[in-house]
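Comments concern the structure below.
Excluded from the calculations below are hydrogen atoms, water molecules and symmetry mates; all remaining heavy atoms, backbone and side chain alike, are included.
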Amino acid sequence: MRNAPTILHLDMDAFYASAEQAAKPSLRGKAVVVGGLGPRGVVATASYEARVFGVHSAMPMAQARRLAPNAAYLVPRFGLYREVSEQVMGLLRGLSPLVEPLSLDEAFVDLEAGGVAWDAESARLVGVKLRADIRTVTGLTGSVGLAASKMLAKIASEEAKPDGLVLIEPGTERAMLGPMTVRTLPGVGPATGDHLRRAGITTVEELAEAGEDELVRLLGKAHGHALYAMALARDERPVVAEREAKSVSVEDTYDVDIHDRTRVGMEVQRLADRCVQRLRGAGLSGRTIVLKVRRYDFSTLTRSETLRGPTDDPAVVREAAARLLDSVDTTGGVRLLGVGVSGLADYTQEDLFAQAHVGAGEPVALEQPEAVGAVVSDEPAGEEPAVAERHWRAGHDVRHAEYGHGWVQGSGLGRVTVRFETPDSAPGRVRTFRTDDPNLEPVDPLPLVARRPEAAGAGASGAEESRPEVAVVGSSGGAGESSAVREGSEGGTEESSVARDGASSGTGGPAARAAGSVAVPAGSGAGGADGVDGVDSEDAGPGGQASSVPARRPKSWSGSGGRGATSRP
């Protein structure tokens, strides 16, 4: 582990929900929930205003509606999120050649490799400017953690949430980690946490005191060694700019179980085509075709077939997926289907016989019963035909020939309700139209921040406006107050279907957000039942029960266990 806190971890605050609030003036300061709106949909992310009611990512949408019935429920707009993510990642790559994205809204940066930071003060200044630049370029906020290792930088960014910066001074790591729950450490989920609790270990300090031999006995050799090293604040993992792609896949969850075998076959063919589109978009090909089927009883079967060489031919992938489906009994009904390609390569096998699968007989079969509720889908079910069928998804952009740009607040019974406003307008008026109104058409999202020539440089003006608070862990000074309690949930999965090796698991954090907007009732998103089901969770963190959320100052520690100083740059 290096001697200076020059590893930076950036995590955008409630990314999907914050982007929607920035795009929709009437939702600013309101509870917003983004995710699948169908009966089996799950929450992708919730705004901080929604989290105070207990709504968090990966929660079933039906439960979220019970907890926050007056929140605005929107279908994700991944095109917008990717565009904003590219802007943020561009700022990070301007700091260093070593940028390791973990998801659309999260990344590590090695500031020392970029020559922009070499000690605590220079790293802090880089973090302050980065947050100001992000606000200027995207209109959104991000939290920054700075430390001497990736693990500590990520923990620091969670402590900084929302919209803050925490720097951990080298030499203070053990004192800072000691009182924290074991769930703070990467790789400690609910099951491992419960196992350790039964052994009388609940904090990181108790984990270190237990000793390496005891942890190996409790958790096994690999996990025990790794957890003991983390408890001692040891993390030698470097920031890696590129990680090898392991697989490309797509899957859909269906509102109603599919019983018709012909319909199941058609869905598999459609998924195979979508998978190949993503494969080609990434410039890849693959040798192993994988079919995933989750049946009516939540049992999940995975079938795979390996070809003689890599391919990106849609006909070959469709045929292989169809053969795999023949080996699966779907009599009782299917609730989820997925098609993937693994064994990736950056070339395509031209051999005419490459399409023949290995061996003379059966495809490889693996059975993987999975936990109820572990439904993950990377795209809205049936997204492609949405425009042709005139389905209006809650939250998506539209334009009316007379009233201009707006977004769908809800639809149903042959009607669609639209709120007409833009990111830089005042909260807009609501009007209702027939779903087949010829004057109404879907359009692409507008930029969250008006394009200006000087926006590319970003920076100084945003710093004055945001006036970020910075907590320095290990400094001396007065006490810094905190009104939040650390959460232990894990999250931070990306929407992309390209699965990459070595992705870090996150730690969820509590947060409160100061809302500044006109109080206009938010739309409920009614009628969006054919939206995304089971989209990836983006930023977890259940909140408490409260009706308003005050801003907070980030937490601070000193090396001796006392309070550290909180300074405003």
query: Any salt bridge (Lys or Arg N to Asp or Glu O under 4.0 Å) pairs touching residues 197-213, not counting sequence neighbours?
result: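 Sorted result for residues 197-213: Asp194-Arg197.
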
For the student: nearest non-hydrogen atoms of [X] and [Y], plus distance:
X	Y	result
Arg278	Val250	CD-CG1, 3.9 Å
Ala123	Pro5	CB-O, 3.3 Å
Pro447	Pro423	O-CG, 3.5 Å
Ile168	Ala156	CD1-CB, 3.8 Å
Glu173	Ala233	CB-CB, 3.5 Å
Gly340	Ser249	CA-CB, 3.6 Å

field: Trace of the side-chain contact (heavy atoms from CB on, under 4.5 Å) decision for Arg131 with Ile134
entry: CA-CA 5 Å; Arg131 293 178 55 241; Ile134 289 173; 5.7 Å; no

State whether the side chain of [X] and the backbone N or O of [Y] hold a donor-acceptor pair below 3.5 Å, judged by distance alone.
X	Y	value
Ser143	Asp163	yes
Ser96	Asp110	yes
Arg28	Ala22	yes
Thr184	Met180	no

- prompt: Quick one: salt bridge (charged side-chain N to carboxylate O under 4.0 Å, His left out) partners of Arg217, sequence neighbours excluded?
  reply: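 With neighbours one apart ignored, the set is Glu214.
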
State, yes or no, whether a side-chain contact exists between [X] and [Y] at a heavy-atom distance under 4.5 Å.
X	Y	answer
Glu106	Pro101	no
Thr45	Arg51	yes
Val109	Leu10	no
Met230	Leu207	no
Leu196	Leu219	yes
Lys161	Tyr48	yes
Ile155	Leu177	yes
Cys275	Val341	yes

Who are the side-chain contact (heavy atoms from CB on, under 4.5 Å) partners of [X], not counting sequence neighbours?
X	result
Ser342	Ser247, Thr288, Val290
Pro445	Arg77, Leu80, Asp397
Ala64	Val43, Val55, Met59, Met61, Tyr73

Roughly how far apart are [X] [atom1] and [Y] [atom2], rounded to 0.5 Å?
X	Y	atom1	atom2	value
Leu227	Thr192	CG	OG1	8.0 Å
Leu140	Arg135	CG	CZ	9.0 Å
Ser285	Leu344	OG	CG	7.5 Å
Asp119	Glu112	CG	CD	10.0 Å
Leu67	His56	CG	NE2	8.5 Å
Lys24	Gln21	NZ	CD	10.0 Å

message: Quick one, Phe108 with Ile7, criterion side-chain contact (heavy atoms from CB on, under 4.5 Å). Give me CA distance, side-chain angles, the key distance, then yes/no.
response: CA-CA 7 Å; Phe108 287 110; Ile7 299 295; 4.3 Å; yes

task: Using only heavy-atom distances, determine whether the side chains of His9 and Glu158 contain a donor-acceptor pair under 3.5 Å.
output: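 His9 vs Glu158: no donor-acceptor pair found between side chains.
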
- request: Go through the side-chain N and O atoms of Tyr81 and Glu20 and say whether any donor and acceptor fall under 3.5 Å apart.
  value: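 Yes, side-chain donor-acceptor contact under 3.5 Å.
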
query: What's the verdict on side-chain contact (heavy atoms from CB on, under 4.5 Å) for Leu165 and Val128, showing C-alpha distance, side-chain angles and the deciding distance?
result: CA-CA 7 Å; Leu165 183 154; Val128 170; 4.2 Å; yes

task: Walk me through it: do Thr136 and Asp133 pass the test side chain to side chain donor-acceptor pair (under 3.5 Å)?
output: CA-CA 5 Å; Thr136 300; Asp133 288 352; 5.4 Å; no

task: Could you pull out all residues at least two apart from Ser85 that satisfy side chain to side chain donor-acceptor pair (under 3.5 Å)?
output: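 Scan of Ser85 (side chain to side chain donor-acceptor pair (under 3.5 Å), adjacent residues dropped) gives none.
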
query: Do Glu49 and Val32 pass the side-chain contact (heavy atoms from CB on, under 4.5 Å) test, and can you show the C-alpha distance, the side-chain angles, and the key distance before you say yes or no?
result: CA-CA 7 Å; Glu49 296 84 359; Val32 175; over 6 Å; no

query: Would you call Asp235-Lys150 a salt bridge at under 4.0 Å N-O?
result: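 Looking at Asp235 and Lys150, the cut-off is not met.
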
query: Which is it for Asp13 and Thr141 under the side chain to side chain donor-acceptor pair (under 3.5 Å) test, yes or no, and what are the steps along the way?
result: CA-CA 6 Å; Asp13 299 323; Thr141 64; 2.8 Å; yes

